Every structure is written in C-alpha cells, then in structure tokens.
Amino acid sequence: MHDPTPDTSLGSFAAVLAGELPGTWTSAYHPDRGGLNVHHVLTDAVWDMNEVAETLAKHPVDHCAVLQRHDGTRLFVTDQPGHAEGYLIAALAPDDVPAEAFRGVREPDGIAVDADPFSAAENVTFDLLPRYYVAAHQVFKNAEHLTRASSAPERLVMTWSDGALVVDQPDRADITQVLTDHGFVLDTVRAVLVLSGDDTARQAASVRATGERLSALGIDTVLRHPPTRPALDTAPVAPPATSSVPSARRR
C-alpha cells in the first residue's frame with residue numbers, strides 16, 4: 001500500500017548539493033505522485049551506460065530530484081538501492097539535440113555517493129562534471145556539423161559537351177520532370193539527360209526556365225565545362241638518359 005507521506009530526505013540532499021556545486025543551480029524534487037511511476041521521461045534522458053543505467057533497469061524510481069544550472073546542464077539524483085544512506089547521480093542528456101549527434105560519443109557515466117552532500121559535491125565537481133563537459137562539447141559539435149550539412153543547398157550540375165548540356169540522371173522524380181519539361185531528353189544508356197545545342201537561343205531559354213523552377217525547389221544550378229586535357233605537343237620532351245658507366249672499348 002502506498003505511503004501518502006513522501007520521503008523528502010532525497011529532496012533535502014539535492015537542495016543542499018545544488019548550493020555546493022560551482023555556478024548557480026536550482027533543485028526540483030519529484031515525488032511519486034500518488035504511486036504512479038511517471039519518472040520515465042527523466043530516466044530515459046539519463047546519460048549513463050554503467051551503474052546508474054543498470055540500477056534504473058532493475059529498480060523502479062519511486063522519487064528523484066533534478067538539479068539544473070543556468071546554462072542548461074542537468075543532473076539526475078535518485079536513491080541507491082540497498083544503501084540506507086546513499087544516492088546515484090548522473091547527467092541528463094542535452095535537450096533539443098538530434099539523436100545522430102550522440103553517435104560515437106562516450107556517455108559521461110554517473111556516480112554513487114554517500115548521503116553527505118558536501119563530499120558528494122566534490123565528487124560531482126571533479127569526477128562527473130568534467131566527463132559531462134567533454135561529452136556535451138562533442139555532441140554540440142556534432143549537432144553543428146549536422147545542421148550545416150542539412151542547410152547546405154542541393155546542387156544540380158549541367159556539363160557542356162560538344163555544345164549540348166548533360167546532367168546525370170537525378171534520383172528525384174520531380175527534378176527529372178523539371179528537366180524533361182524544358183527540353184532535356186533522357187539517355188537511358190548513359191543514364192543522363194541531354195539538352196541539345198542545335199538552337200542556342202532555345203537552349204539558353206530552357207536553362208533559365210529550368211534554373212528558376214529548380215531554385216523554387218531549393219536546388220542551385222551550376223554550369224560547368226568538362227576538364228580539358230593538355231595538348232600532346234605541349235609536354236616537354238625529356239632528354240635522353242645518360243649513363244655514368246663508361247662504354248666498353250671496341251677491339
């Protein structure tokens with residue numbers, strides 16, 4: 001039967017701990033809310049693959065506390081099962097970061113501490129937080145790379161070839177439709193689309209119209225000339241090789 005009186009010793013410990021950590025922290029105590037274990041939102045964000053994660057997988061969380069600093073750093077505090085006076089503390093993963101940004105980043109595993117908030121503050125400051133800073137820095141760096149990659153405009157390259165414009169067959173059907181609507185013809189053998197240069201005025205108008213429609217789709221159009229090969233007669237002629245070995249005398 002559920003005890004209607006929540007155990008606030010964890011809340012008191014977390015409040016004192018918040019005041020001992022570097023920076024400005026707030027502490028929020030989360031009771032059992034009438035016996036309905038609704039702490040999964042927090043436990044799912046616990047950034048740990050060691051002792052804390054194993055404990056959360058084996059034991060339900062009856063109550064917990066969350067410490068938060070002004071820069072968004074968060075710590076999760078809960079009871080240490082089997083210890084009358086002891087707690088588990090782990091970092092919570094940053095919010096609003098794509099899951100892909102966490103790939104390859106080592107979790108800043110949590111720690112087990114005694115019920116003394118002053119010694120626990122030292123353990124958090126010199127053990128847990130440094131690992132968190134390293135991991136969080138890498139995650140935010142990965143997120144920046146993902147953002148830049150996703151925001152980079154897609155490009156469609158048209159290459160000149162004997163007066164015609166050639167485009168590799170796109171993967172997207174809508175892009176292919178735009179090209180064929182403006183005169184590009186699919187060459188299934190080479191898997192390219194070709195815009196003939198028989199009528200240069202018509203060709204130029206097709207390129208402009210194609211570029212406008214592709215721009216509306218968020219695609220840049222780039223015109224390129226194929227790489228040129230150096231003329232055969234421009235390469236310097238190497239002098240004949242000389243040997244340092246004296247020639248044999250004829251007899």
Side-chain angles (χ1 to χ4, degrees), residues 40-42 44-47 49 71-74 91-108 132-241:
H40 62 277
V41 175
L42 293 173
D44 287 349
V46 168
W47 207 2
M49 288 295 288
D71 62 356
T73 301
R74 297 179 301 160
L92 293 175
D95 284 333
D96 301 325
V97 178
E100 185 68 19
F102 291 89
R103 178 172 295 183
V105 178
R106 181 71 170 88
E107 295 82 2
Y132 171 81
Y133 297 146
V134 172
H137 174 76
Q138 185 61 55
V139 166
F140 290 132
K141 185 177 179 181
N142 292 346
E144 289 178 3
H145 288 318
L146 291 171
T147 301
R148 285 198 295 266
S150 62
S151 62
E154 187 176 349
R155 297 193 305 172
L156 182 135
V157 178
M158 300 181 180
T159 303
W160 291 102
S161 177
D162 295 328
L165 280 169
V166 180
V167 177
D168 290 336
Q169 185 175 358
D171 295 329
R172 289 172 50 177
D174 57 343
I175 299 177
T176 300
Q177 186 64 51
V178 170
L179 293 169
T180 55
D181 285 350
H182 294 287
F184 283 82
V185 178
L186 178 62
D187 183 338
T188 57
V189 176
R190 295 187 294 163
V192 297
L193 288 101
V194 181
L195 179 62
S196 171
D198 295 339
D199 185 339
T200 56
R202 182 178 179 183
Q203 183 187 51
S206 295
V207 170
R208 285 194 297 270
T210 300
E212 291 175 359
R213 286 187 57 184
L214 291 178
S215 178
L217 296 176
I219 301 169
D220 291 340
T221 303
V222 179
L223 298 178
R224 287 183 180 172
H225 290 277
T228 57
R229 297 181 179 179
L232 295 178
D233 58 354
T234 59
V237 178

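Just so it is clear, the model here is predicted, and its values are computed rather than measured. Hydrogens, waters and symmetry mates are skipped; everything else that's a heavy atom, side chains included, is used.
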What one should report as the nearest heavy-atom pair of Val97 and Phe140 is CG2-CE2, 3.8 Å

What's the verdict on side chain to side chain donor-acceptor pair (under 3.5 Å) for Gln203 and Asp199, showing C-alpha distance, side-chain angles and the deciding distance? CA-CA 6 Å; Gln203 183 187 51; Asp199 185 339; over 6 Å; no

Flag the pair Pro108 / Tyr133 as yes when at least one side-chain heavy-atom distance between them is below 4.5 Å, and no otherwise. no

Enclosure of Asp162 CG (heavy-atom neighbours >12, cutoff 6.0 Å): no

Just checking Asp171: does its CG atom have more than 12 heavy atoms from other residues, nucleotides or ligands closer to it than 6.0 angstrom? no

Parallel, tilted or perpendicular: which fits the ring planes of Trp160 and His225, with parallel below 30° and perpendicular above 60°? parallel

Rounded distance (nearest 0.5 Å) linking atom OG1 of Thr221 with atom CZ of Arg213: 12.0 Å

Looking at every non-hydrogen atom in both residues, tell me the closest pair between Ala101 and Leu146 and how far apart they are. N-CD1, 3.7 Å

Roughly how far, to the nearest 0.5 Å, is the CZ atom of Arg172 from the CD atom of Glu154? 5.0 Å

So, using side chain to side chain contact (heavy atoms under 4.5 Å, CB included) as the criterion, who are the partners of Asp168 when residues are at least two apart? Val192

With rounding to the nearest 0.5 Å, note down the distance linking OG1 in Thr180 to CD1 in Ile175. 12.0 Å

Check whether any side-chain heavy atom of Leu193 sits under 4.5 Å from a side-chain heavy atom of Pro170, and report yes or no. yes

Contact between Leu156 and Val222 at the side-chain level, heavy atoms closer than 4.5 Å - yes or no? no

Measuring from Leu165:CG to Phe184:CZ, what's the distance to the nearest 0.5 Å? 5.5 Å

Hey, could you give me the OH/CZ distance between Tyr132 and Arg74, rounded to the nearest 0.5 Å? 8.0 Å

By salt bridge (charged side-chain N to carboxylate O under 4.0 Å, His left out), Glu100 pairs with (sequence neighbours left out) Arg103

Straight-line distance of Leu217 CG to Glu212 CD, nearest 0.5 Å: 12.5 Å

Any side-chain to backbone donor/acceptor pair from Thr210 onto Leu179? Under 3.5 Å, distance only. no

Test your reading of the model: is there a side-chain donor-acceptor pair from Thr147 to the backbone of Ala143, 3.5 Å cut-off? yes

